[in-house]
Amino acid sequence: MTDLHETAYPRIKAHLSRRELLEIYSPSPEELQLAWHSARERDGRSYFLLLLKLVQRLGYFPLLSEIPIRVVQHVAGSVSGNTVSIRQLKAFDTSNTRRRYIRKIRDHLSLRRFEDGGEVLLDAVARRAADTKECLPDIINECLEELIKERFELPAFSTLLRSAGKARVEINEACFDHLYEALSADARQAIDALLTPTMDAHESSWNQLKREPKQAKNPEIKRYLFHLEWLTNLANPLPGLEGISVSRRKQYYLEAQSLHANSVRELKLNKRYALAVVMIHTQRQKALDAIADIFIKKIQNLLNTAELRLQQYHLEQVKRTEKLIGRFRAVLDVLCQQEVSGHRGLDAIHAALKSDPSLLKDECEEYMAYASNNFWPFLLSSYPQSRALLFSCVRAMELDATSQDESIIRAIQCVLRHQHSHREWLPLSALKGSDGHDISLDWLPDQWRFLVTGQSSPNAKVTQIHRKYFEIFVFVQIQRELKNGDLIVHGSDKYSDYREQQISEDEYQEQIADYGQLVNLPVEPAAFIRQLKGQLQEAIDKADQRFPDNEYLELTAKGPIVKKHETDEPLPEVRGIAEVIRDRLQEISILDVLIETEHWLNLHEKFGPISGFESKVDDPRLRFILTLFCYGCNLGPSQVAQSVKGISRKQVAWLNLKYVTEERLDKAIAKVINAYNQFALPKYWGKRQVGLGRWNQMESV
């Protein structure tokens, strides 16, 4: 059940400071004059001002019994300066005078009665919000924003809650029906097979859907690739999720993830199949993301291994380098002798070299090949162990470019086509993309070009390429472009096309004016640029003014240098205080801290059944504390069950699976942080910008 305090529904604070009373509830001279013309008696003017100030603050007209006494006395005191009788003011709550005052205030503030079109607007906004939001507080907050924008009085909170709940049910049913009706008979049979246990299976196919990748070792990756193929075969005949919002898909997935096969079979027909469709599609997305992550890590491991081997090579070739430099030094000595010339000079140089010059040249070329941190030649030695796996990952990912340059796509197609070739060098004429165009090598860096083409000059004509080096560099380029978004994986989530998340031009034109007003920015290009330049110039001027006194910033010919801030040594008195505090602090169990925090903040109220329909657990405080202790301290359900009597491993794991989500954890963390900031201790840390910097001092205490 959603509570009022979880939403932005206006309400009067239980404890108001003197400053808040003066700033919020003090009538202006114009408002006092309006009350003087609207009411004849002092009590009537006081009641009129109470309604006026409260509706300005809340958006609705409360009864006097709902208004704190301090607010009543403050507003009424502004009329006569004396205290008023609460009993006399309460009589206005049931009189016709109240209704007359309310009409007068509505006209003054241009407010519209909720009954005059507010219900229709509320239902429409609730349906629109429920289409993209799943949590009732979020739907209610959007309804509140729209009602306030259209100058409607706010209805009772129960009305908003009822409308939001009804809209969410209608949207959910529409999504369930849409997915159920789009399923073919074969697809329904496949889903039924997932939910039907077999006698010879160790686990149901529904549990196999929830499989996650384990250690990134070759046998496990191969098994996970088969799992991805199985998921793809399941997902291909299913309807897509294009008509369902991201937040709703996530809610359906979390609900399906928390259910066992038996629980899914107990759901009503349309919801059962809809959750299964979302579960299969989402698990396939996650599997594609995992394969892309594995591919990126494998390539990075190859690069790291090559760099390590280059360092080892440099260490091993120290004596060889010294020998080459010694020979070069001997040649220079010969050349520095002025009397040596002609044939005698050449003979002296050959004598100084002490070996065949062609052999020394080969040694120099080998050394230069690995100079300037050029570790690329070492990739070939460790590549064969991962080659088949990398090819399998690339084939499992449906890659596409986000730009018009598709040279890397043609290169990938070429590499896949020649996967089983045994030729070391492939003729360039045989390398074409699937569209028949010749592949382009313009994307190859200079360090790669020689290894791939055998040509050191960029202007030399390329007639063949080294097959394995070309494969390696194509895979390295895939890794880079996956990380920077130039390549996408169709059907994935993490590596999907970012352009699909952008709004259309029509939506932009429709919303840009409201957005500009909301963030207080001009929407016209020229005005926006002018304001942005002004803000940048203002920041530059401030930086220039403070630069002479800034001892940690220095401008040099190479650019600005920011010096490290030197931490001041604490005073002896501070150290003494720290020692006293350390001696007097008592050891406190982490469980005691969790119990006290739960009793203060009721954090278990942030966690409920994911589906919203399951029965609540007995003693939720205890179960929540044990689950928080289990996963927060990384102990595991089995260890907690062994340490606590009367609780089983399944009970601890069950609550985490059925009740806990990332969003709810974030809300609980925010509640703890907000409660902590109400204490006096954080105020001694200074401003928020420097609070984190002083955390080290608190740790030392």
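For the residue pair E173 / N270, a side-chain donor-acceptor distance below 3.5 Å is found, with atom types taken as modelled. Using a 3.5 Å distance cut-off with no hydrogens or angles, the side chains of D289 and Q285 do not pair a donor with an acceptor. Of the N and O atoms on the side chains of N218 and K298, at least one donor lies less than 3.5 Å from an acceptor on the other residue. Using a 3.5 Å distance cut-off with no hydrogens or angles, the side chains of Y9 and N141 do not pair a donor with an acceptor. Inspection of the D405 and S407 side chains reveals an N or O donor paired with an N or O acceptor under 3.5 Å. Judged by distance alone, the side chains of S205 and Q208 never bring a donor and an acceptor atom under 3.5 Å apart. For the residue pair Q419 / R395, a side-chain donor-acceptor distance below 3.5 Å is found, with atom types taken as modelled. Side chains of E481 and Q477: a donor on one and an acceptor on the other come within 3.5 Å.
R664 places a side-chain N or O within 3.5 Å of a backbone atom of Y659 that can act as its donor or acceptor partner. A side-chain donor-acceptor contact under 3.5 Å links K658 to the backbone of S258.
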Full working for side chain to side chain contact (heavy atoms under 4.5 Å, CB included) between I472 and V476
CA-CA 6 Å; I472 294 172; V476 171; 4.3 Å; yes
Let me see the working for L591 and I625 under side chain to side chain contact (heavy atoms under 4.5 Å, CB included), right down to the final yes or no.
CA-CA 8 Å; L591 275 175; I625 291 172; 4.2 Å; yes
Steps toward side chain to side chain donor-acceptor pair (under 3.5 Å) verdict (E266, N262)
CA-CA 7 Å; E266 295 174 356; N262 293 335; over 6 Å; no
Please evaluate residues T282 and R249 with respect to the criterion side chain to side chain donor-acceptor pair (under 3.5 Å), reporting the C-alpha separation (whole Å), side-chain torsions for both, the decisive distance (0.1 Å), and the verdict.
CA-CA 8 Å; T282 306; R249 293 182 207 174; over 6 Å; no
Show your working on side chain to side chain contact (heavy atoms under 4.5 Å, CB included) between R623 and I647 and close with a plain yes or no.
CA-CA 9 Å; R623 295 284 296 277; I647 197 76; 3.8 Å; yes
Under the salt bridge (charged side-chain N to carboxylate O under 4.0 Å, His left out) rule, what do R223 and E220 come out as? Steps first, then yes or no, please.
CA-CA 5 Å; R223 287 192 291 269; E220 169 60 22; 3.3 Å; yes
Stepwise, does the salt bridge (charged side-chain N to carboxylate O under 4.0 Å, His left out) test hold for D192 with R265?
CA-CA 9 Å; D192 291 337; R265 287 198 302 269; over 6 Å; no
Worked check of ring pair (Phe, Tyr, Trp, His ring centres under 6.0 Å) between F176 and Y252
CA-CA 10 Å; F176 296 156; Y252 294 164; 5.1 Å; yes
Please step through salt bridge (charged side-chain N to carboxylate O under 4.0 Å, His left out) for the pair K271 and E255, ending with a clear verdict.
CA-CA 11 Å; K271 184 176 182 179; E255 187 172 346; 2.7 Å; yes
Checking side chain to side chain contact (heavy atoms under 4.5 Å, CB included) for the pair I221/Y224: CA distance, chi angles, key distance, verdict?
CA-CA 5 Å; I221 297 173; Y224 198 73; 5.6 Å; no
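Note: Y273 and Y180 meet the aromatic proximity criterion, with ring centroids under 6.0 Å apart. With ring centers used as reference points, F607 lies 6.0 Å or more from H604.
Between F473 and Y469, the two ring planes are parallel [angle under 30°; tilted spans 30° to 60°]. Between Y383 and F475, the ring-plane angle classifies as tilted under the 30° and 60° cut-offs.
The distance from the CZ atom of R168 to the OG atom of S163 is 12.5 Å, given to the nearest 0.5 Å. In this structure, OG1 in T402 is found 5.5 Å from CZ in R499, a value given to the nearest 0.5 Å. Atom CD of residue Q502 and atom CG of residue D497 lie 8.5 Å apart, to the nearest 0.5 angstrom. For the atom pair CG of L288 and CG of D493, the computed distance is 10.0 Å after rounding to the nearest 0.5 Å. Between the CG atom of L379 and the NZ atom of K468 there is a distance of 13.0 Å, given to the nearest 0.5 Å. Atom CG of D486 and atom CD1 of I478 lie 12.5 Å apart (nearest 0.5 Å).
Within 6.0 Å of CD on E150 lie more than 12 heavy atoms contributed by other residues, nucleotides or ligands. In K210, the NZ atom is crowded: over 12 heavy atoms of neighbouring residues, nucleotides or ligands sit closer than 6.0 Å. Other residues, nucleotides and ligands place no more than 12 heavy atoms under 6.0 Å from the CD atom of E662.
Scanning all heavy atoms of the two residues, the minimum distance from S496 to I488 falls at O-CG2, 3.8 Å. Summarising the geometry of A256 relative to W206, their closest heavy-atom pair is O-CZ2, 3.6 Å, with the distance given to 0.1 Å. The shortest heavy-atom contact between R128 and E146 is NH2-OE1, 3.6 Å. Here the closest non-hydrogen pair linking Y631 and P637 is OH-CG, 3.5 Å. Taking every heavy atom of both residues into account, N656 and T627 meet most closely at CB-CG2, 3.9 Å.
A salt bridge links K494 with D293: the closest approach of a Lys/Arg side-chain nitrogen to an acidic carboxylate oxygen falls below 4.0 angstrom. Between K671 and D666 no salt bridge is recorded (no basic side-chain N to carboxylate O distance below 4.0 Å). The pair K250-E663 counts as a salt bridge, with a side-chain nitrogen and a carboxylate oxygen less than 4.0 angstrom apart.
With sequence neighbours excluded, the residues forming a salt bridge (Lys or Arg N to Asp or Glu O under 4.0 Å) with R387 are E471, listed by chain and number.
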